[in-house]
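Take a look at the structure set out below.
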Protein chains: 2
Amino acid sequence: MALASRGVPVLDRLMQVLEAFDLNSPSLTLTQISQRAHMPMATVHRLTADLEEHGLLERLPDRSYRIGVRLWELACLAPGALGLRELAMPHLQDVHATIRQHTQLGILQDREVLFLERLSAPDAVINMTLVGGRVPLNASSSGLVLLAHASPALQEEVLTSSLPRFTDRTITAAPELRRVLASVRQEGYAAGVGYVNLEATGIAVPVWGPNEVVIAALGVVVPSTTQRLQPIVSVLQSAAANISKALRATHLPAGHAGADDGGRYRGMISASLGSLELSGKDTGAPSGSG
Amino acid sequence: MALASRGVPVLDRLMQVLEAFDLNSPSLTLTQISQRAHMPMATVHRLTADLEEHGLLERLPDRSYRIGVRLWELACLAPGALGLRELAMPHLQDVHATIRQHTQLGILQDREVLFLERLSAPDAVINMTLVGGRVPLNASSSGLVLLAHASPALQEEVLTSSLPRFTDRTITAAPELRRVLASVRQEGYAAGVGYVNLEATGIAVPVWGPNEVVIAALGVVVPSTTQRLQPIVSVLQSAAANISKALRATHLPAGHAGADDGGRYRGMISASLGSLELSGKDTGAPSGSG
DNA sequence: TGGTCGATTCCATTGAAAGGAATAACTCAT
DNA sequence: ATGAGTTATTCCTTTCAATGGAATCGACCA
């Protein structure tokens with residue numbers, strides 16, 4: 001009887017509606033949503049009405065929909081990523097003030113870099129990344145930093161999967177990537193010329209959290225004509241160290257207690273900021289371990 | 001039979017779960033959520049599991065939940081408020097670099113100020129506001145600016161409702177508020193000493209969008225001991241003007257076209273950034289105007 | 001080892017959600 | 001004006017996703 005969505009949980013459908021929006025189509029008509037979400041008009045109509053009721057969608061005068069601010073408000077409660085962002089902000093500003101180029105903070109999410117913040121320069125080179133946007137791990141210096149310090153499991157997973165290409169400088173060969181990752185660990189930073197765009201060179205350093213875990217990558221994007229990268233690396237490393245310090249300062253007072261109790265808090269932090277294996281669903285579940 | 005939530009739409013319940021989180025309790029156990037959302041454990045358990053599936057909730061090692069990054073990612077697609085934030089950022093940084101105090105950008109949402117961004121200073125006075133946080137309109141200089149330029153309907157609504165008090169300086173009397181609003185319109189800025197906290201003085205100016213509509217308030221929070229406010233006002237006004245200019249520059253190319261076509265785009269912008277009458281549900285619908 | 005508390009699973013019941021169809025509203029043609 | 005085409009909204013019956021009480025599991029502590 002061609003009931004496309006019969007038997008599909010509501011939340012799934014709601015997410016389909018929300019995910020119909022993207023950066024290229026920030027506002028959509030009912031019909032467009034219905035097409036993109038593969039659902040009947042009547043259904044979408046009710047769902048959007050419900051979402052609007054809760055402020056998760058907004059309606060424009062031309063009757064089209066867009067993502068609402070309420071969603072952003074809720075999102076601001078996410079302490080993990082946004083806490084880190086808040087805390088790192090002043091240091092991003094320091095870097096930005098010194099280098100005067102795109103400065104960005106990224107974390108590992110699924111198998112990509114998710115950029116939490118980006119300070120731009122009006123006269124800077126083009127930069128694909130956007131706040132809230134994602135980039136493959138192999139195609140950005142931030143990604144290389146995060147991957148280099150990620151769990152061996154994730155590294156293998158990425159190394160054995162097909163690596164997307166943006167320019168002919170993008171690293172797509174597993175052996176080369178393996179070499180680069182080793183170098184990143186060795187040198188303490190990643191510098192990539194033209195991975196995403198030939199005009200742009202990315203430089204990134206790891207941000208260490210407690211427990212010897214890398215929780216983020218701090219990076220800049222400069223014109224590929226830039227000669228001396230070492231001074232930039234120093235600025236980044238210094239800022240990253242300050243972020244780490246701020247992290248430690250923030251987390252200890254919260255838990256305080258004795259030495260034996262601190263482990264719980266540290267676990268929470270590291271596991272949440274670098275939550276990888278949480279989403280086991282899209283890894284394809286390589287083998288049954290349970 | 002005490003079926004508390006029988007007959008309540010799923011989205012309502014999902015929102016109840018998400019809204020159980022706040023800044024003071026960024027992570028909650030199942031039991032806590034169940035209490036705060038007034039729902040049986042079994043129900044909450046399934047809801048949280050669903051939400052986690054979609055990344056809207058994250059689970060920590062200690063089995064407690066928190067808001068997930070996915071929510072923030074979706075929120076980043078909201079072009080209205082976040083577009084404004086992105087665009088205003090560099091100018092916020094200018095102000096922050098000059099004044100070296102809390103610098104914030106707020107918009108009108110429901111009957112409150114919603115802060116889109118805040119740049120802080122480590123040595124600055126305390127400041128209640130947080131990114132993503134709200135403050136009543138009568139209790140902050142940003143709120144006064146927004147209210148002063150809001151629709152007469154909203155102004156009346158606020159003036160005739162009970163006004164929350166934070167300190168004995170907070171304006172809670174309608175006649176006084178009316179006078180202050182007139183002054184804000186007259187002078188082009190609002191300055192409030194100790195509305196929220198006696199130690200802090202807020203100064204805010206309107207950010208004008210196209211169509212002679214105020215779409216945001218740009219403000220700083222300085223120590224109440226600060227003597228000369230006029231220089232600060234100048235800095236703010238200049239930055240606000242630059243934001244307005246950037247707004248115009250961004251929106252015209254999108255629509256371009258002739259003068260007769262621009263109206264559509266302008267309508268979208270103003271209505272979305274300062275969406276007030278959209279949410280007619282909580283205004284109680286004073287009278288049928290259409 | 002038994003008791004308390006939180007999390008999880010089970011499952012019979014049921015009303016919220018679905019979506020086809022009819023209707024309304026809004027363009028643009030001619 | 002008129003009518004064809006497109007998009008949005010309302011109606012209404014069917015039905016399965018969601019509910020939540022109860023049972024079970026598991027962790028922690030005394």
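Just so it is clear: chains get the letters A, B, ... in the order the sequence lines come, proteins before strands, and each one is counted from 1.
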Set out, line by line, the N/O atom pairs under 3.5 Å between protein and nucleotides 22-27 of chain D.
none

In whole angstroms, how far is the [atom2] atom of [N] from the [atom1] atom of [X]?
X	N	atom1	atom2	answer
B:R46	C:dC10	CZ	P	14 Å
B:D12	C:dG15	CG	P	17 Å
A:Q16	C:dG19	CD	C1'	15 Å
B:L51	D:dA18	CG	C1'	14 Å
A:L11	C:dA17	CG	P	12 Å
A:R59	D:dT7	CZ	C1'	11 Å
A:Q35	D:dT7	CD	C1'	11 Å
A:D50	C:dG19	CG	P	14 Å

Considering just the side-chain nitrogens and oxygens of [X], establish if one lies under 4.0 Å of OP1 or OP2 belonging to [N].
X	N	result
B:H45	C:dT8	yes
A:R63	C:dA25	no
B:T43	D:dG20	yes
A:T31	D:dA8	yes

| said: One thing to verify: whether B:R70 and A:E19 come together as a salt bridge, which I'm taking to mean a side-chain N less than 4.0 angstrom from a carboxylate O. | reply: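 Yes.
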| When you check the gap from the basic side-chain N to the acidic O, do A:E117 and B:R85 get nearer than 4.0 Å? |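 B:R85 and A:E117: salt-bridged.
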| Does any N or O in the side chain of A:S34 come within less than 3.5 Å of the main-chain N or O of A:L30, such that one atom is a donor and the other an acceptor? |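 No: the side chain of A:S34 does not pair with the backbone of A:L30.
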| query | B:R36 and B:S25: side-chain donor and acceptor closer than 3.5 Å? | reply |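 The criterion, which ignores hydrogens and geometry beyond distance, is satisfied for B:S25 and B:R36.
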| query | Would you say the side-chain atoms of B:T48 and B:R46 include a donor-acceptor pair closer than 3.5 Å? | reply |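 Checked: B:T48/B:R46 side chains show no N/O donor-acceptor pair below 3.5 Å.
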| What nucleotide among D:dG20, D:dT19, D:dA8 has an atom nearest to a side-chain atom of B:R13? |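 So the side chain of B:R13 is nearest to D:dT19.
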| task | Applying ring-ring contact (aromatic ring centres under 6.0 Å, His included), name anything that partners A:H149, two or more places apart in sequence or on another chain. | result |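 Only A:W208 meet the ring-ring contact (aromatic ring centres under 6.0 Å, His included) criterion with A:H149.
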| said: Here's a test of your reading of the structure: between A:V10 and A:L30, which maps to the more 5' nucleotide of DNA chain D? | reply: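 The 5'-side residue here is A:L30.
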Distance-only check: which donor-acceptor pairs under 3.5 Å involve side-chain atoms of residues 74-81 of chain A, not counting sequence neighbours?
none

